Amino acid sequence: MTDRTIPAAAGLCVTAGVVDSLALLRAGHYASHVTGTTTHGIAGVFEGDLSTGGMALLVVAAFAAGSAACGIVLTAPRSRNPARSAAGLVAVETVVIAVAGGILLAWPGGPGVPACVAMLGFAMGLQNATSTYLLKPWQRTTHITSNLTDLGSEIGMRLRRWAGRPSGEMLAAPDGDTLGSAAGAVLGFAAGAVAGCSLARMLGDAGVLAACVIPAFVALRLASDRPHPLGRRCSSPTRKDRS
């Protein structure tokens with residue numbers, strides 16, 4: 001991880017907060033909160049509300065499709081430079097968010113809503129997979145649950161060691177990278193959510209279109225990182241990977 005990629009990863013956390021809040025406020029569904037969206041979708045279908053349930057499950061499917069698209073790119077024969085791969089994937093995310101915003105502006109309140117939400121879900125799935133495999137140790141830039149879990153556990157281990165040496169060998173040593181990245185991810189997402197709410201209030205549906213600005217800068221920053229700074233591609237998950 002280089003000095004260039006740390007702010008790039010933080011920018012993606014902000015992007016996730018912006019997109020998720022705008023998707024909720026302007027289209028009525030989360031774009032990256034897949035756990036709750038899955039429950040919402042199944043509950044809606046179970047209760048006979050096929051419209052709500054179907055929309056939620058559409059977001060889940062789109063998120064999975066975005067992750068799959070990242071996997072296709074990562075296993076492509078020409079995918080040799082992690083920085084270039086990350087830049088390209090974030091550039092695709094930027095375009096998808098921009099198109100989603102354009103669709104919502106063109107067809108507000110109608111067929112544009114499910115199309116917009118599905119595309120935003122795809123963008124978040126693409127981003128989460130990209131950060132997981134290419135921006136270590138900043139895993140799960142759209143997933144606050146895992147980041148908050150890592151943050152809490154790291155704080156707990158430090159408190160225990162500060163109070164006295166822990167007994168047993170099962171407790172892992174505190175990890176500075178995990179603490180910093182988890183705290184940055186949580187704060188970045190929260191800041192993005194505040195920004196997204198502000199955009200929704202000031203710009204309405206156009207706020208979704210404006211959300212593509214941050215990932216566009218992230219893609220440019222990653223593209224300017226010429227060396228191979230992002231570590232091994234598709235490495236096996238570590239303690240920091242698990243959600």
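What you see is a predicted model, and the numbers here were worked out from it, not measured in a lab. For reference, positions follow the sequence shown, starting with 1.
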Distance in Å, Ile97 CD1 paired with Cys212 SG, rounded so as to fall on 0.5 Å steps
7.0 Å
Residues Thr130 and Ala86: closest non-hydrogen pair is CG2-CA, 4.1 Å
If we only count heavy atoms from C-beta on, is the His33 to Thr142 side-chain gap below 4.5 Å?
no
Taking all atoms of both residues into account, what is the closest heavy-atom pair of Leu120 and Ala100, and its distance?
CD2-CB, 3.9 Å
Check whether any side-chain heavy atom of Leu135 lies under 4.5 Å from a side-chain heavy atom of Leu222, and answer yes or no.
yes
Hey, does the side chain of Asp49 reach the backbone of Val45 with a donor-acceptor pair shorter than 3.5 angstrom?
no
Could you walk me through whether Ser131 and Thr141 pass side-chain hydrogen bond (donor to acceptor under 3.5 Å, both in side chains), step by step?
CA-CA 6 Å; Ser131 63; Thr141 52; 3.1 Å; yes
Any heavy-atom pair between the side chains of Phe189 and Asp20 that's under 4.5 Å?
yes
Quick one: pull up CD1 in Ile214 and OG1 in Thr94 and give me the separation to the nearest 0.5 Å.
10.5 Å
Within-4.5 Å side-chain heavy-atom neighbours: Thr15 and Val90:
no
For a quick test of reading the model, state the closest non-hydrogen atom pair linking Thr132 to Arg140 and the distance between them.
OG1-NH1, 3.0 Å
At their closest point, which heavy atom of Cys70 faces which heavy atom of Leu89, and how far apart are they?
SG-CD1, 3.8 Å
Tell me the closest heavy-atom pair linking Gly196 and Leu22, and the distance in Å.
O-CD2, 3.3 Å
For Val113 and Ala27, which heavy atoms make the closest approach, and how far apart are they?
CG1-O, 3.6 Å
4.5 Å side-chain heavy-atom contact, Ile103 and Met119
yes
Could you check whether any side-chain heavy atom of Ser32 comes within less than 4.5 Å of a side-chain heavy atom of Val19, counting everything from C-beta outward?
no
Nearest 0.5 Å, what's the CZ-CG distance between Phe63 and Asn128?
4.5 Å
Does the Ser67 side chain pair with the main chain of Ala129, one donor and one acceptor, at a distance under 3.5 Å?
no
With the side chain counted from C-beta on, respond yes when Pro114 and Leu58 share a heavy-atom pair under 4.5 Å apart, and no when they do not.
yes
Would a distance-only check, ignoring hydrogens and angles, find a side-chain to backbone donor-acceptor pair under 3.5 Å from Gln127 to Leu12?
yes
Please tell me if the side chains of Leu179 and Leu151 come closer than 4.5 Å, counting only heavy atoms from C-beta onward.
yes
